[in-house]
Amino acid sequence: MVRVRFAPSPTGHLHVGALRTALFNWLFARHHQGVFVLRIEDTDVARSSEEMSQSIMEALRWVGLDWDEGPIYQSQRFDIYRKAARSLVEKGLAYYCFCTPEEIEKRRQETQAKGGHWKYDRHCLNLPESQKKELLEKGVPAAIRFLVPEGVTGFEDLVHGHISVENKNLEDFVLLRSDGFPTYHLSVVVDDIETKITHVIRGDDHISNTPKQILLYRAFEAPVPQFAHLPLILGPDRKKLSKRHGDTSVLNFRDKGYLPLAFFNFMAQLSWSPGPEDKVYSIEEMVREFSLDRISKGSPVFDLAKLEWLNSKLINEMPLSELIEQLRPWLEKEGLWSEELIKEKKIWFEHLVELVRSRSRTLVDLVEMIAPFISDKVKYDPEAVKKHLLDPKLGQLLPKLKEDFIQLVQFTAQETEKVLRERAEKEGVKAALLIHSLRVLLLGKAVSPGIFEVLELMGKEKTLARMDNLPEARKTLEFIKDIEKSGEVKDEQQK
Ligand code: GLU
């Protein structure tokens, strides 16, 4: 039975690098109908917080990663780690170390001054038994160090192939610090043994930890799991992905309006793909196809353009009812939701979402495009006003066009287009002048789906009311009055 774990340290929000680790563990577990364990590595009590643990779990849930066991909090297991470390001392596989950091630092500098390479010099391993006993009895603070045996430690990494180190290059690392807190190596191995982890899948920044941990498994006489180390994610500049490349926390992508499935695909496709990359795969397809041996060794580049592409592809491909379900909390947040959108106004609303989805990369884009159709208020983009609403002819033209619209019995895309073009011809102006100005007046911005479809969906009443908004829209330009006074309106418009 496959058993894997995701073991984040709750010292910050879940970031994309850690999420990819979680995601591959989850896919692997689900593919093999195994168990996915969540473990919170909060042994660094000062830097960890429950708030961050909750935030990490919220991010996992958002992406759709559920866990079968846990969360196991390491901070509740200190006694277990202490007991485990002492058991190794009893077996002669670890030893007490009384050296203070200052003493170690002094000897390190002396060794390096002589051109030597420092690793812990086993000073305390070689103390006479009687002296060790005395120090312990006196209660002198003591760490416990692992006694690294001679030989070579190797393993078959499921991504990188064979990796080995000579043990002489490893230091007798600390298992339990003199303040009684376990180190990462101790707690991670004790827990992986206890939860019977079969595969450790984690970032390749942990490769150098693996030989030490393998030695610990052997010391505890426990089966050694298999290891798969995932390549580091790079930013577009090919440097390690970090805050410099923008907010890399997972919840930030939720808040920007990405869909969980698009984000899941994007993260998975950073190092693996179930097939051609020009597709959004369902979770079931990814679970079915997942295998560790298809993970690429090379470092993937975090390319936001790809995420946007996947997201807009999914927005356009998913069933309308599902998209509306996803949109609902967003519209609620903006005070734009009402039940009639899925009842009395269902057909109209579906038509609207259908119309704007092809122009949306995110749910935020969608909400922005939908808002003017639902809300009574329009937010005018000053750039759009400046570009399309400053022509002095509009003051005369729009009321005439409004009259034409009032006459219409059928306020359809076809009919409105017909009268608008006729009006433009009669007045000797380009239809584009009317089209652009209508678009800005109705929606507040300079881009939208075809204006005549917009008119039909907006409806006669709202359209006519908004056609009176010219003065209000122009007010968004603070400098409008000065421009009008100095007669520069035309120049502005021609720019
Ligand atoms: N807590 C470790 C980290 O966040 C993970 C340890 C592990 O996976 O072995 O990097």
Side-chain angles (χ1 to χ4, degrees), residues 2-29 34-50 52-57 59-60 65 67 69-78 81 84 146 153 155 157-160 163 173-175 177 181-217 220 222-233 240-243 248-250 267 271 292 295:
V2 160
R3 294 181 58 90
V4 293
R5 66 355 180 238
F6 175 53
S9 304
T11 53
H13 296 285
L14 186 67
H15 61 87
V16 292
L19 176 75
R20 187 197 45 166
T21 299
L23 198 127
F24 284 168
N25 274 286
W26 185 89
L27 281 171
F28 188 67
V35 173
F36 179 59
V37 180
L38 176 63
R39 182 170 73 226
I40 304 290
E41 303 216 318
D42 56 349
T43 52
D44 186 344
V45 182
R47 289 177 59 228
S48 303
S49 74
E50 180 54 22
M52 286 307 136
S53 301
Q54 291 302 331
S55 161
I56 288 169
M57 289 188 258
L60 291 174
L65 306 184
W67 49 97
E69 290 178 20
I72 297 168
Y73 287 84
Q74 289 193 322
S75 60
Q76 294 169 6
R77 298 171 45 79
F78 286 137
Y81 307 131
F146 183 66
T153 307
F155 61 101
D157 189 278
L158 296 171
V159 175
H160 298 274
I163 295 176
F173 51 95
V174 173
L175 298 174
R177 294 203 307 250
F181 282 97
T183 59
Y184 155 67
H185 291 303
L186 176 65
S187 52
V188 88
V189 172
V190 167
D191 288 348
D192 283 347
I193 292 172
E194 195 175 302
T195 47
K196 300 192 166 49
I197 297 305
T198 56
H199 295 75
V200 171
I201 305 169
R202 58 188 177 189
D204 64 9
D205 47 331
H206 285 292
I207 286 186
S208 63
N209 294 327
T210 302
K212 293 181 193 165
Q213 293 173 9
I214 289 175
L215 290 172
L216 268 179
Y217 282 99
F220 285 120
V224 179
Q226 289 196 271
F227 291 91
H229 288 96
L230 308 170
L232 197 72
I233 303 175
K240 184 180 170 194
L241 188 68
S242 72
K243 293 222 173 76
T248 56
S249 98
V250 172
M267 292 306 304
S271 293
L292 284 174
I295 288 183

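Start at 1 and go down the list; that is how both ligands and their atoms are numbered.
Here the straight-line distance linking atom CZ of Arg5 with atom CZ of Arg202 works out to 6.0 Å at 0.5 Å rounding. Between Ser53 atom OG and Leu14 atom CG the span is 11.5 Å, to the nearest 0.5 Å.
The ring-ring contact (aromatic ring centres under 6.0 Å, His included) check on Phe24 picks up Phe290, with sequence neighbours excluded.
Protein neighbours of ligand 1 below 4.0 Å, counting non-hydrogen atoms: Arg5, Ala7, Ser9, Glu41, Tyr184, Val188, Arg202, His206.
Under the 30°/60° scheme for interplanar angles, the aromatic rings of His229 and Phe227 are found to lie parallel.
Side chain to side chain, Asp44 and Tyr184 fail the donor-acceptor criterion of an N or O pair below 3.5 Å.
Other residues, nucleotides and ligands contribute over 12 non-hydrogen atoms within 6.0 Å of the NE2 atom of His206.
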